[in-house]
Undergrad: 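Mind having a look at this structure? Questions to follow.
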2 protein chains.
Amino acid sequence: MPTVTGHPERHAPTLEAVAEAAGVSRATVSRVVNGSPSVRGAVVEAVQKAIADLGYVPNRAARSLASSRTHSIALLVPEDVSRFFGDPYFASFTGGLDRRLADTEYVLNLVVARDDPGRKAVRYVRGGNVDGAIVVSHHRGHDFLRQLEGSVPIVYGGRPDVALSAEPVFVDVDNEAGGHLATRHLIESGRTRIATIAGPEDMPAALDRLAGFRRALREAGLPDDAVVHANFTASGGAEAMRTLLSRHSDLDAVFSASDLMASGALTALASRGVDVPGDVAIVGYDDSPAATWGEIGLTTVRQPSELMGATAVDVLLRLLAGDADVPHENIVQTELVIRDSA
Amino acid sequence: MPTVTGHPERHAPTLEAVAEAAGVSRATVSRVVNGSPSVRGAVVEAVQKAIADLGYVPNRAARSLASSRTHSIALLVPEDVSRFFGDPYFASFTGGLDRRLADTEYVLNLVVARDDPGRKAVRYVRGGNVDGAIVVSHHRGHDFLRQLEGSVPIVYGGRPDVALSAEPVFVDVDNEAGGHLATRHLIESGRTRIATIAGPEDMPAALDRLAGFRRALREAGLPDDAVVHANFTASGGAEAMRTLLSRHSDLDAVFSASDLMASGALTALASRGVDVPGDVAIVGYDDSPAATWGEIGLTTVRQPSELMGATAVDVLLRLLAGDADVPHENIVQTELVIRDSA
DNA sequence: TTGTATGCGTTATCAG
DNA sequence: CTGATAACGCATACAA
């Protein structure tokens, strides 16, 4: 059995060693490492050379102990990880987080509050283990998030639907504008009888998209009464589509509030022999993988999820830097991705 | 900043404070916290009470500095995070990791080695920032992984296809058995002319599944010559299906090495008016969301990805505990999920 | 079984 | 601009 636990590592070089090699004191090396402006140029160079020669890497624990800053931030996920990452939107959001974080010396800690009602996670965050936190995939009723207030700076992915005592800082997408964008595209391509498969009535994002849909139609002087709600699933979308067809035989376009529902709608249309986009045009929402898995590419509204992740980091970093006037609402815009269906 | 319910921020209590409250020394408190067996029962209780009263939480940095163990492990992802988490398999794997880790005091650090050829990530892992690492989604050519050897215990998700100087510890799924399982199911349901849409010829997992397919057919005395390779995409699967149909008109079943390819095959069959599973039965692989998105549920081979994540943690924990004889190969078995298509 | 003393590697507060 | 020197909170040999 090969040795697995052996540490052939010498003693990792410390500030002390670098100081000696550079002929200065520990304090000076520390200053150079932390980019203090008050060090003579020549000394800086000498120290940096010593650092490079010895391959010095600051000890995180020691640094953290002395400065009481951890240089790590929590990605707090209040639900099952598989579900969270299984959602392409969050996968992409996390990608944005990471990419933006790569330029910094911050590290991402994955903190999950699944079974325990947030106790362990709250203790972790409050326990001084991280400098800040980004909370994602939070839902109404996640009241334990309140216990995070007053500990470290927090940025929410999506406007939190929780009773917080202070105004939360969040990044969100402009769903109303997204719904408007999609519907406007249908209008501009000459459609006149446009329906929507809306999302659940208790989800703010869904309602906002619906509002955007309605506004676009009103602005164009078209009727906005063809609305059916579904539950963001493919089968729900299929059923909604059938309902719409039976109610509005003159239908020539549909805005679906999610790609998954749109894919269900597409199969429903196909089985009825309705040509897409010939007879009926359809625009989805999300630009999820489902948008390109079918035979005909789905024209859809992309949420800049990666940008949102990056933005969340930006905002948090500003908060950590003590920036007093960071905006609480950070709204990013959607974008239309045109494929075959509309 | 509004006052938060609970502890008024003050100075977080330290060992010192607990010691004083319990009327013992810091060392004793430390022993209790770390579960040392050599502390009198009465004292243990007293200390634990003090801990509870004061809401004491050990300072990670101090602990780490003193013990040179970090209690955190790295999840090393050598590629784009979005792609990694966008894959349901990895999302689920990570879920397994997390769930198993929840019982411990270890924390997961997300370490990504995307653009930089591993330099930063390697430095991080070697820099003593983590006690161990779990490496996932590694590909051939990721030679920088070699630089991790000898630093901390490492467990790979999937057998690494990299020239390592020591025998790597990994968890993997038995792809050959999976291919065999799928094919055997088709045989047992009475199919006699069975083809396969295999994965890329340069991927070990794909080849293993193909080998399982062939073995099952040989064992049943059936021909194993109906093989077409595709690239694990839906469109690739559709094209492969068309090729198979043209070559083997007597086809009555197909094993597709991925659900995505199977979904493409399904659309290809549908457009030719072939009934599934009436005329042709089809079994996929992965049990990904794609398996249930279509009109007919896909019978498929599920990879116990979550179990694999949990196993990876188990193995790593044993390594960290200094367990001398942990097996290097940790193989988990696949499972057949029967739906409509076969 | 328990307490004492020391050190872990940095940062930060002073002087100089 | 630079160098001593005291924290930082905990673990752990060593003593008792």
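Every chain is numbered from 1 and lettered A, B, ... according to where its sequence line falls, protein lines coming before strand lines.
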Undergrad: Generate the contact string for nucleotides 6-16 of chain D. Rules: B means base contact, S means sugar-phosphate contact only, - means no protein heavy atom under 4.0 Å.
TA: B-BBBBBB---

Undergrad: Walk me through it: do A:K49 and A:D53 pass the test salt bridge (charged side-chain N to carboxylate O under 4.0 Å, His left out)?
TA: CA-CA 6 Å; A:K49 180 176 186 315; A:D53 289 350; 2.7 Å; yes

Undergrad: Atom NE2 of A:H71 to atom P of C:dG9: distance rounded to whole Å?
TA: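 Atom NE2 in A:H71 sits about 18 Å away from atom P in C:dG9.
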
Undergrad: Applying side-chain contact (heavy atoms from CB on, under 4.5 Å), name anything that partners B:V57, two or more places apart in sequence or on another chain.
TA: A:R123

Undergrad: For a 4.5 angstrom cut-off between non-hydrogen side-chain atoms, does B:F93 reach B:V136?
TA: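 Result yes, sub-4.5 Å side-chain heavy-atom pair found.
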
Undergrad: Show every ring-ring contact (aromatic ring centres under 6.0 Å, His included) that has at least one partner inside residues 25-71 of chain A, sequence neighbours left out.
TA: A:H71-A:Y106

Undergrad: Using only side-chain N and O atoms of A:S38, determine if any of them is under 4.0 Å from OP1 or OP2 of D:dC1.
TA: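 So the side chain of A:S38 is outside the cut-off, no N or O lying under 4.0 Å from OP1 or OP2 of D:dC1.
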
Undergrad: Round to a whole Å and report the spacing from CD of A:E20 to C1' of C:dG9.
TA: 15 Å

Undergrad: A:Y156 and A:H138: aromatic ring centres closer than 6.0 Å?
TA: yes

